[in-house]
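The next block holds one structure in the form of structure tokens; read it before the comments.
For the numbers below, each heavy atom of this structure counts, side chains included, while hydrogens, waters and symmetry mates do not. All values reported here derive from a predicted model rather than from experimental measurement. Residue numbers begin at 1 in each chain, while the letters A, B, ... track the order of the sequences.
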There are 2 protein chains.
Amino acid sequence: MTTRKDTAERNDRALLQAARDVLAEDGAHASVAAIAHRAGVGIGSLYRRYKTKEELFQRLSLMSLEHWNQAAEQGLADPDPWAGLAGFVRGCVEFGQGSLAPVAGIIEVTEQMRARSRRGDELLEELVRRAQGAGVLRVDVTAVDIALLIEQLGRSPVVDQLRKQGREDLLPAATRARRRLIAIALDGLRPGHAPLPEAAPGEELCSGRWSRE
Amino acid sequence: MTTRKDTAERNDRALLQAARDVLAEDGAHASVAAIAHRAGVGIGSLYRRYKTKEELFQRLSLMSLEHWNQAAEQGLADPDPWAGLAGFVRGCVEFGQGSLAPVAGIIEVTEQMRARSRRGDELLEELVRRAQGAGVLRVDVTAVDIALLIEQLGRSPVVDQLRKQGREDLLPAATRARRRLIAIALDGLRPGHAPLPEAAPGEELCSGRWSRE
DNA sequence: ACGATGCCGGAGCGAATCGCTCCGCAAGTG
DNA sequence: CACTTGCGGAGCGATTCGCTCCGGCATCGT
């Protein structure tokens, strides 16, 4: 019955999802017109909900940071240290954290984002420490390595390319193939391998996700 | 003494390298002005060498396909099957094959490209078969998996982001971190791991690199 | 030494696209 | 029925696009 507020909420969700997709395909040049069109709404509707393009992207960033932290906490709640870490990685990759990297260069990073980012770093470090303590994660990988892995695999040029070309039919296969890739990378994180090249001590990349400056 | 032709050749190299870099950062929206500026030459010089933007990108694509094939042949020449495959992967990733994915959606794909792409697929399959036959590569990974891995790791959002922000100082650390990631993924390709999720038989992605249609 | 030559960089072209505003229209309400 | 309300998209000025074309300067011939 309350069809009005109903569609409004659905539109909001559709907009955020569309923004993620377009950002994945077009990077920093993603246009509001493209986002609105993909969400199936008019440009006017987009601007009624978000005053500017930046506001939309800021909201999206906050959401992704929130997802990261929730996924990490969920991973820590898992009694199995390895399953917790692996689930976290899988969750973040499938969420598409990597696709949102370019927005950090467009929007103004608020203190709130930086705070959540710091909290996310802490949670990830705790996940890593716990897994290494249990002997289910090779000891020569760092939290930064994991963050970078998520960033790297969380963006899928092939899938994006296919979607842009409208080859929706090939999409499931590509997604499945990507999932296999994640499994391979996770296997590489298990103990028993030769040590990694120079761990670059001191030279922290501070995960670089939202640091900007 | 022949300073004229000398600078011409250097400019050509600089242009192709710059095109790769800008393409990595800006994706399909890479502009000729940005490419020329990064190469340190004027726009006029770019257009004297390449009639159109498409011609430049076509040349770049051919070059990257050529590099892929040469790296694969070099890998096959290595007597150690694993070292050959790993070296191929490392070479392709560092070359930045993944960054060139978006150009396939801009340029017109010539028959020559398709032919070289097919040859590249064959060479990679041979590399995979040989490594699996020698028992140094897990048997449940396919050539498509490797191609996807190169595509995925061959593009570095973090590094590109840093470069765009002018943080050249952090670049070496980021590059080193990426190399660690490659090592992790390669370790995941070694035998002795649990089987990968559904191998998606039949549903070939045909590596998707330059297929377009 | 000094004009002639030819390559170089970049100002500037029309076209396309950008973020954003504003208004006409259709659906919901009383 | 009049009235309200949220919708889509035409269109605004500004910006950026691919590309052309010309003035200036380093190089070369004599």
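Along DNA chain C, the nucleotide nearest B:G40 and the nucleotide nearest A:I43 are compared for position; the residue whose nucleotide lies closer to the 5' end is B:G40. Summary of the strand contacts: B:S45 and A:Y47 both lie near DNA chain C, and taking for each the nucleotide with the nearest heavy atom, the more 5' one is attributed to B:S45. Along DNA chain D, the nucleotide closest to B:K53 and the one closest to B:G44 are compared, and the more 5′ of them pairs with B:K53.
Distance from the side chain of A:S31 is smallest to C:dC18 among C:dC18, D:dG18, C:dG9.
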Can you list the steps and then say if A:E25 with A:R163 is a salt bridge (charged side-chain N to carboxylate O under 4.0 Å, His left out)?
-> CA-CA 8 Å; A:E25 291 172 22; A:R163 187 155 43 189; 3.2 Å; yes
What's the verdict on salt bridge (charged side-chain N to carboxylate O under 4.0 Å, His left out) for A:E73 and A:R119, showing C-alpha distance, side-chain angles and the deciding distance?
-> CA-CA 11 Å; A:E73 274 165 4; A:R119 168 114 177 100; 2.8 Å; yes
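The CD atom of B:E54 sits 9 Å away from the P atom of D:dC19 (whole-angstrom rounding). Atom pair B:R48:CZ and C:dG6:C1' shows a separation of 9 Å (rounding to whole Å applied). For the pair B:F57 CZ and D:dC17 P, the computed distance is 12 Å after rounding to whole Å. Following rounding to the nearest Å, B:I35 (CD1) and D:dT16 (P) show an atom-to-atom distance of 17 Å. Going from atom NE2 of A:H29 over to atom C1' of D:dC17 covers 11 Å, rounded to whole Å. Between the CD atom of A:E55 and the P atom of C:dG19 there is a distance of 15 Å, rounded to whole Å. Regarding B:I107, its CD1 atom lies at a distance of 17 Å from the C1' atom of D:dG18, rounded to whole Å. With rounding to whole Å, B:I106 atom CD1 is found 13 Å from D:dG18 atom C1'.
Looking at heavy-atom distances under 4.0 Å, A:A30 makes contact with sugar-phosphate atoms alone, never a base.
The closest donor-acceptor contact from the side chain of A:N69 to the backbone of A:R116 lies under 3.5 Å. The backbone N or O of B:L171 lies less than 3.5 Å from no partner atom in the side chain of B:R176, so there is not a single donor-acceptor pair.
Note on ring orientation: taking the six-membered ring where Trp is involved, the planes of B:W68 and B:F88 are perpendicular (angle over 60°, cut-offs 30° and 60°).
OP1 or OP2 of D:dC7 lies within a sub-4.0 Å distance of a side-chain N or O belonging to A:R49.
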